[in-house]
Amino acid sequence: MSEKKPSILQGFKAFLMRGNVVDLAVAVVIGAAFTNIVNSVVKGIINPLVGTIGTQNLDNYSSCIKSCTGEHPTSVRILWGSVLGATLTFLITAAVVYFLMVLPMSKYLARMEARRKAKEGTHEVMEVTELEVLKEIRDALLAQQRRSGSGHDER
């Protein structure tokens with residue numbers, strides 16, 4: 001017996017049709033567009049604010065460990081301005097993602113969960129109440145059946 005193996009193209013098609021691959025592709029595209037916004041905020045707002053103290057280009061901030069006069073082969077330049085710029089970009093990105101996406105979504109999901117639990121609680125109370133009513137009806141019918149079966153009529 002020979003089992004028919006799926007072709008490479010069929011496997012690739014199945015891979016592409018998974019929901020998480022499409023979601024990941026959308027996230028990458030949105031992330032790329034979002035990066036442009038964050039970079040514009042850093043270049044247009046943050047750098048000029050820092051520029052009031054010094055230069056507007058954070059990449060210009062650096063320090064020397066050894067002699068930085070000219071192109072001396074032993075000079076060591078630490079470019080801490082570019083690290084500061086990247087850190088600010090990261091913090092702005094994280095803040096925007098958290099405050100505009102994560103926080104509202106978690107509040108929305110918490111509200112939906114509370115509504116679902118409230119519905120379940122109401123539904124359970126209704127079921128218990130209906131069950132109790134049915135038990136009372138059963139008990140009343142059994143009591144009535146016993147009375148009529150024993151020959152006593154309580155009218």
Side-chain angles (χ1 to χ4, degrees), residues 1-63 65 76-150 154:
M1 284 193 209
S2 68
E3 291 183 22
K4 187 176 179 182
K5 292 184 179 180
S7 71
I8 292 175
L9 289 177
Q10 289 173 336
F12 183 66
K13 182 180 175 184
F15 169 74
L16 289 179
M17 292 302 157
R18 289 186 197 166
N20 56 355
V21 172
V22 174
D23 291 343
L24 181 62
V26 169
V28 168
V29 170
I30 297 265
F34 187 69
T35 299
N36 289 334
I37 292 171
V38 171
N39 287 338
S40 295
V41 168
V42 170
K43 288 178 184 174
I45 297 173
I46 302 299
N47 286 351
L49 289 175
V50 172
T52 60
I53 300 169
T55 179
Q56 286 190 3
N57 187 357
L58 293 178
D59 293 337
N60 292 337
Y61 288 106
S62 64
S63 299
I65 294 180
V76 177
R77 183 175 297 275
I78 305 295
L79 303 173
W80 59 270
S82 59
V83 174
L84 178 63
T87 303
L88 288 173
T89 301
F90 170 77
L91 290 175
I92 291 169
T93 304
V96 169
V97 167
Y98 180 75
F99 290 112
L100 295 182
M101 295 177 183
V102 174
L103 190 62
M105 182 57 79
S106 60
K107 285 184 178 182
Y108 171 76
L109 292 175
R111 266 196 320 258
M112 297 309 289
E113 182 67 18
R115 285 182 187 168
R116 186 188 64 78
K117 285 185 179 181
K119 273 186 179 179
E120 280 183 5
T122 304
H123 187 64
E124 288 175 9
V125 168
M126 288 174 33
E127 284 181 8
V128 169
T129 304
E130 290 175 8
L131 185 61
E132 289 175 359
V133 169
L134 289 173
K135 285 180 181 178
E136 289 176 11
I137 293 171
R138 180 199 64 198
D139 293 343
L141 288 172
L142 285 173
Q144 183 181 11
Q145 189 178 21
R146 285 188 202 124
R147 278 180 281 189
S148 66
S150 63
E154 297 182 17

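Salt-bridge check for K135 with E132: failed, with every basic side-chain N at 4.0 Å or more from each acidic carboxylate O.
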Using residues 31-38 as the side-chain source, report each donor-acceptor pair under 3.5 Å to any protein atom, sequence neighbours left out, with the distance given to one decimal.
{"from": "T35", "atom 1": "OG1", "to": "G31", "atom 2": "O", "distance (Å)": "2.7"}

Between side-chain atoms of residues 81-88 and protein atoms elsewhere (two or more places apart, or another chain), which donor-acceptor pairs fall under 3.5 Å?
{"from": "S82", "atom 1": "OG", "to": "L79", "atom 2": "O", "distance (Å)": "3.0"}
{"from": "T87", "atom 1": "OG1", "to": "V83", "atom 2": "O", "distance (Å)": "2.7"}

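Other residues, nucleotides and ligands contribute only 12 or fewer heavy atoms inside 6.0 Å of the CD1 atom of I30. Heavy atoms of other residues, nucleotides or ligands lying less than 6.0 angstrom from CG of L141 number more than 12.
Within the model, atoms CG of L109 and CZ of R111 stand 9.5 Å from one another, a figure rounded to the nearest 0.5 Å. Here the straight-line distance linking atom CD of Q144 with atom CD1 of I137 works out to 12.0 Å at 0.5 Å rounding. Atom OG of S7 and atom NZ of K13 lie 10.0 Å apart (nearest 0.5 Å).
When all heavy atoms are compared, the tightest approach of S63 to W80 is OG-NE1, 3.0 Å.
Side-chain atoms of M112 and R115, non-hydrogen and from C-beta on, do get closer than 4.5 Å to each other.
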